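Bear in mind that the values here come from a model prediction, so they are computed numbers and not experimental data. Residue numbers begin at 1 in each chain, while the letters A, B, ... track the order of the sequences.
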Protein chains: 2
Amino acid sequence: MVMGRPRSFDMDKALDEAMEVFWRHGYDGASLAMLTKAMGIKAPSLYAAFGSKEGLLKAALDRYALRRSEHMRYVLAGPTARDVAERFLSSIAESHTDPANPPGCLLVQGGLACGAGSENIPFELASRRAQTETELLERFVQAKADGDLPEDTDPVALARFLSTVASGMGVIASSGANRDALREVARVSLGAFTGNA
Amino acid sequence: MVMGRPRSFDMDKALDEAMEVFWRHGYDGASLAMLTKAMGIKAPSLYAAFGSKEGLLKAALDRYALRRSEHMRYVLAGPTARDVAERFLSSIAESHTDPANPPGCLLVQGGLACGAGSENIPFELASRRAQTETELLERFVQAKADGDLPEDTDPVALARFLSTVASGMGVIASSGANRDALREVARVSLGAFTGNA
DNA sequence: CAACTTTTATAACGAGTGGTAGATAAGTCT
DNA sequence: AGACTTATCTACCACTCGTTATAAAAGTTG
């Protein structure tokens with residue numbers, strides 16, 4: 001078997017750059033010109049490697065999920081349900097204001113609404129957001145089985161609440177809210193945790 | 001003075017249609033072709049009336065604000081801070097799942113991230129979201145002066161929390177969350193209210 | 001009716017869109 | 001070395017983008 005000419009760019013580096021463009025401009029707002037310039041490659045190389053603009057986004061989303069999975073492992077390892085919630089919101093307050101990235105969350109900034117020809121992008125992003133919510137839910141179900149949450153607590157509602165606050169934090173972070181502001185939102189949200197469960 | 005040829009379309013009706021297109025597709029995703037078709041007018045009429053695509057968005061946002069101002073009057077008239085919060089989140093659960101409109105909130109769906117040439121759109125939307133937060137803040141400051149909120153309560157944090165949850169509800173509503181789901185998010189959020197203030 | 005003013009429709013503008021042939025370059029394998 | 005496979009480059013595709021010049025149409029006012 002023959003190998004052919006080797007790829008001359010670093011795929012992960014290129015994906016990081018693409019991720020940043022999608023993050024900052026959204027799927028519709030990210031043009032091929034922007035993407036290829038940021039990635040340092042020409043359009044044919046991009047299409048050979050990722051198939052299409054949408055394929056590139058999905059590859060970038062996979063890489064984004066990889067990054068977050070480390071955080072989530074730590075979050076879900078919290079000893080109590082409340083610890084899990086606190087770790088979750090705190091890690092979001094930090095990551096959504098990390099100066100190394102565009103503000104906010106790629107899964108929110110990427111495109112809640114898209115134009116003709118990009119109709120499935122919002123679904124793609126929503127399904128990835130739902131995955132985090134499911135992870136929280138399973139952890140809360142476990143917590144309830146452990147007697148760590150009151151009997152009358154609805155784990156579905158709790159996971160959805162945290163997921164919703166996380167999305168909201170993405171919105172306000174992208175609008176310029178700073179880290180302390182996000183931390184305060186996390187703090188108030190945790191009050192809701194104890195007050196209601 | 002001479003009047004000239006009268007406008008042959010209803011401006012408010014046309015704005016309602018434009019609003020829906022921006023709401024469903026976002027600013028970048030809403031093309032002039034979509035907009036003119038939905039509004040039932042041709043491009044030159046649109047430009048004569050609104051100046052530009054961005055001018056059209058702003059006019060639609062003004063009309064959107066007009067709609068919401070009625071809700072906000074009711075919300076802010078709540079007798080206690082907690083009532084205000086409850087009215088706020090409840091009205092959002094309803095409005096963001098009103099089948100008469102696209103799901104979610106125009107101020108979120110409209111564009112958190114935009115492409116080259118639309119850089120100021122996210123700022124425009126953010127400033128309109130901030131207005132609601134300011135209204136809540138002022139009401140909570142008043143509540144505190146009334147002795148309606150504990151001394152150690154931070155009205156800024158409280159208003160920001162509610163605003164953040166509202167944005168998050170917009171995100172999940174646009175992803176298909178139904179009215180009951182939003183109501184439960186509102187309920188849990190209010191638990192945060194009593195638990196923390 | 002005729003002068004005037006504004007809106008309308010037709011048609012097109014240049015720039016940019018996502019995507020792709022076709023040829024060349026750069027490797028590996030026999 | 002030579003065959004083979006894959007990546008990269010230049011150039012370009014048809015199309016859509018937001019926007020506008022031009023001229024006809026529709027009203028009001030003198």
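- Candidate nucleotides D:dT8, D:dG27, C:dG19 were compared by shortest atom distance to the side chain of A:Ser45, and D:dT8 ranks first.
- In this structure, the side chains of A:Val185 and B:Val165 stay at 4.5 Å or more apart for every pair of heavy atoms.
- In the set D:dT8, C:dG18, C:dT7, D:dT8 carries the atom at the smallest distance from any side-chain atom of A:Ser8.
- Nucleic acid contact class of A:Ala116 (heavy atoms, under 4.0 Å, all strands): none.
- As a whole-Å value, the separation of A:Asp28 CG from C:dG18 C1' is 12 Å.
- Taking only side-chain atoms of B:Lys42, from C-beta outward, the nucleotide of C:dA9, D:dT8, D:dT19 with the closest atom is C:dA9.
- B:Ala43 comes within 4.0 angstrom of a base, heavy atoms only.
- If you check C:dA26, C:dT17, D:dT19 against the side chain of B:Lys53, the one that comes closest is D:dT19.
- With rounding to whole Å, A:His25 atom NE2 is found 13 Å from C:dG18 atom P.
- When rounded to the nearest whole Å, the span between CZ of A:Arg5 and C1' of C:dA26 equals 5 Å.
- Straight-line distance from the CD1 atom of A:Ile121 to the C1' atom of C:dG18: 13 Å, rounded to whole Å.
- When each of B:Pro6 and B:Glu54 is assigned the nucleotide of DNA chain D with its nearest heavy atom, B:Glu54 is the one assigned upstream, toward the 5' end.
- A donor atom on one side chain and an acceptor atom on the other are not found under 3.5 Å apart for B:Asp148 and B:Thr80.
- Between B:Arg160 and B:Glu133 there is no salt bridge, since no side-chain N of the basic residue sits under 4.0 Å from a carboxylate O of the acidic one.
- Atom OH in A:Tyr47 sits roughly 18 Å away from atom C1' in C:dG22 (whole-Å rounding).
- Within the 4.5 Å cutoff, the side chain of A:Phe50 has heavy atoms near those of the A:Met11 side chain.
- Across the protein-nucleic acid pair, B:Met3 atom CE and D:dT28 atom P stand 8 Å apart, rounded to whole Å.
- Between A:Trp23 and A:Tyr64, the two ring planes are perpendicular [angle over 60°; tilted spans 30° to 60°].
- In this structure, A:Phe22 places its CZ atom 9 Å from P of C:dG18, rounding to the nearest Å.
- Backbone-only engagement by A:Phe9 is indicated by non-hydrogen atom pairs under 4.0 Å involving sugar-phosphate atoms exclusively.
- Checking the phosphate oxygens (OP1, OP2) of C:dT17, a side-chain nitrogen or oxygen of A:Ser31 falls inside 4.0 Å.
- Of all nucleotides listed (D:dG18, C:dT20, C:dA9), C:dT20 comes nearest to the side chain of A:Pro44.
- Between the CG atom of B:Leu32 and the P atom of C:dA15 there is a distance of 18 Å, rounded to whole Å.
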